[in-house]
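Please read these numbers as outputs of a predicted model, since none were measured by experiment.
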Amino acid sequence: MTLPLTSESHTALAPAQVFDWLDEAAALRADAGLTRTLRSRAAEDPVLDLAGNDYLGLTRHPVVTEAAAEAALRWGGGSTGSRLVTGTTALHTELEEELAEFCGAEAALVFSSGYTANLAALTALTDPDTLIVSDAYNHASLIDGCRLSRADVHRAPHSDPAAVAEVLAGRTQRRALVVTDSVFSVDGDAAPLRGLSEAVRAHGAALLVDDAHGLGVLGPGGRGALAAAGLAGQPDTVATVTLSKSLGSQGGAVLGPRRVIRHLTETARTFIFDTGLAPAAAGAALAALRLLRAEPERADRAREVARTLAGRLTAAGLQACEPDAAVVSVRAPGPEAAVAWAADCRRAGLAVGCFRPPSVPDGISRLRLTARGDLTDGQIADAVRIIAELAPEGAIPVDRAGTTQ
């Protein structure tokens with residue numbers, strides 16, 4: 001029974017005071033170096049961009065932008081409604097068919113974002129009698145999907161198939177779903193997909209892989225991490241992808257067995273109740289996919305740029321990760337130092353990402369670089385020089401500083 005509020009059970013606040021707690025929360029974030037701000041950029045920003053996720057350099061490719069414009073002129077500025085009502089165009093259907101064929105899946109379903117695709121997969125493929133085993137370093141969209149599901153959720157150690165198998169072996173739930181990023185967005189390390197697949201098959205579970213950072217970069221011709229691991233099209237495996245990274249557009253998709261896609265179409269709330277992806281975004285993604293198919297060397301170049309960036313930053317004494325795909329991160333001494341380092345880089349003409357708690361699961365702040373496949377050797381050299389020259393105190397370990405300075 002809920003008791004009515006009385007003057008003794010709460011403090012009466014004036015209307016202007018009810019959100020005062022937000023100012024206190026903002027002050028705590030500021031003290032912790034976690035203030036975040038929006039910064040508008042001009043259409044012709046002269047800064048070299050290593051902060052976005054345009055892995056193949058297709059966002060401004062004329063074939064992609066012309067396809068977006070043509071789709072908007074033909075179909076309109078928006079899709080006008082839910083995919084199940086009026087929001088599905090011929091472009092959406094073409095994109096789904098070609099994306100599924102490219103990635104080796106039976107079928108695909110396009111969403112308005114990769115975030116909503118992950119929420120759909122996790123909430124529609126689980127129930128109260130399901131165990132979800134989620135990697136400790138998974139993306140926030142996967143974490144939120146786990147929270148929204150009605151399943152029991154176990155947080156597994158990072159990239160540890162043996163630990164996953166142990167949890168699955170002891171489960172009491174009827175169904176189980178193992179969830180992982182294919183490439184983790186903080187350090188760019190790849191998940192042990194073959195080991196995870198063996199674990200789920202040994203215990204009658206399913207595997208859900210968020211391939212946002214693998215599509216267009218890993219696998220033959222950029223077909224993704226599942227193709228690279230030999231798991232594309234498997235009956236117990238589902239993938240989610242974004243259209244906003246390698247494909248230079250906007251949106252997301254779920255790929256997998258046809259019966260999985262049918263189930264999501266009929267039950268996933270972020271599909272049923274969300275307005276469909278804008279035709280311009282669908283047209284742009286389809287054009288980018290066709291470019292990638294015609295020019296598979298773009299995926300090789302993105303990985304080559306990542307290895308070059310990491311190698312040169314490490315040679316300069318910085319703590320750069322060894323990338324498995326196209327993400328390169330460089331450790332910073334702390335959140336405030338990371339923010340200042342990124343700001344200094346921007347003033348010098350280089351945009352880099354800045355990851356800090358709570359965005360990083362291990363609590364270590366970093367600069368995050370996107371190894372775009374269209375970067376020239378000169379741009380790579382400039383980026384390394386700026387990052388190294390502006391590195392804050394503590395970014396280069398003491399035991400290395402003496403040999404690199």
Where [X] and [Y] come nearest, the two heavy atoms and their spacing:
{"X": "Pro323", "Y": "Arg307", "result": "CG-N, 4.1 Å"}
{"X": "His203", "Y": "Ala169", "result": "CE1-CB, 3.5 Å"}
{"X": "Ala287", "Y": "Ala67", "result": "CB-CB, 3.5 Å"}
{"X": "Leu142", "Y": "Thr180", "result": "CD1-C, 4.1 Å"}
{"X": "Pro296", "Y": "Gly221", "result": "CB-CA, 3.7 Å"}
{"X": "Gly252", "Y": "Leu243", "result": "N-CG, 3.9 Å"}

Could you tell me whether the side chain of [Y] reaches within less than 4.5 Å of the side chain of [X], counting heavy atoms only?
{"X": "Val254", "Y": "Val110", "answer": "no"}
{"X": "Leu193", "Y": "Leu226", "answer": "yes"}
{"X": "Asp374", "Y": "Leu56", "answer": "no"}
{"X": "Thr265", "Y": "Phe271", "answer": "yes"}
{"X": "Arg290", "Y": "Val63", "answer": "no"}
{"X": "Thr270", "Y": "Phe111", "answer": "yes"}
{"X": "Tyr55", "Y": "Thr370", "answer": "yes"}
{"X": "Arg201", "Y": "Asp236", "answer": "yes"}

- Set of residues satisfying side-chain contact (heavy atoms from CB on, under 4.5 Å) with respect to Thr126, sequence neighbours excluded: Thr130, Ile132, Ser149, Ala151, Leu177
- Step by step, would you call Asn138 with Asp210 a side chain to side chain donor-acceptor pair (under 3.5 Å)? CA-CA 9 Å; Asn138 274 343; Asp210 180 351; over 6 Å; no
Starting at [atom1] of [X], measure out to [atom2] of [Y] and round the result to the nearest 0.5 Å.
{"X": "His61", "Y": "Leu291", "atom1": "NE2", "atom2": "CG", "result": "4.5 Å"}
{"X": "Thr59", "Y": "Gln250", "atom1": "OG1", "atom2": "CD", "result": "10.0 Å"}
{"X": "Thr123", "Y": "Leu264", "atom1": "OG1", "atom2": "CG", "result": "7.5 Å"}
{"X": "Glu96", "Y": "Leu286", "atom1": "CD", "atom2": "CG", "result": "11.0 Å"}
{"X": "Arg372", "Y": "Leu58", "atom1": "CZ", "atom2": "CG", "result": "10.5 Å"}
{"X": "Leu367", "Y": "Leu369", "atom1": "CG", "atom2": "CG", "result": "6.5 Å"}

- Query: Going through the checks in order, is the side chain to side chain donor-acceptor pair (under 3.5 Å) test met by Asn53 and Arg368?
  - Reply: CA-CA 10 Å; Asn53 292 314; Arg368 180 186 181 277; 3.1 Å; yes
- Message: Evaluate Asp144 against Tyr115 for side chain to side chain donor-acceptor pair (under 3.5 Å), listing each step before the verdict.
- Response: CA-CA 9 Å; Asp144 287 352; Tyr115 212 113; 2.4 Å; yes
- Might you work through the side chain to side chain donor-acceptor pair (under 3.5 Å) test for Asp135 and His158, ending with a clear yes or no? CA-CA 5 Å; Asp135 189 285; His158 179 53; 2.9 Å; yes
- Task: If a pair satisfies salt bridge (charged side-chain N to carboxylate O under 4.0 Å, His left out) and one of its residues is in residues 310-337, list it, with sequence neighbours excluded.
- Result: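 Checked against salt bridge (charged side-chain N to carboxylate O under 4.0 Å, His left out) - neighbours excluded - no pair reaches residues 310-337.
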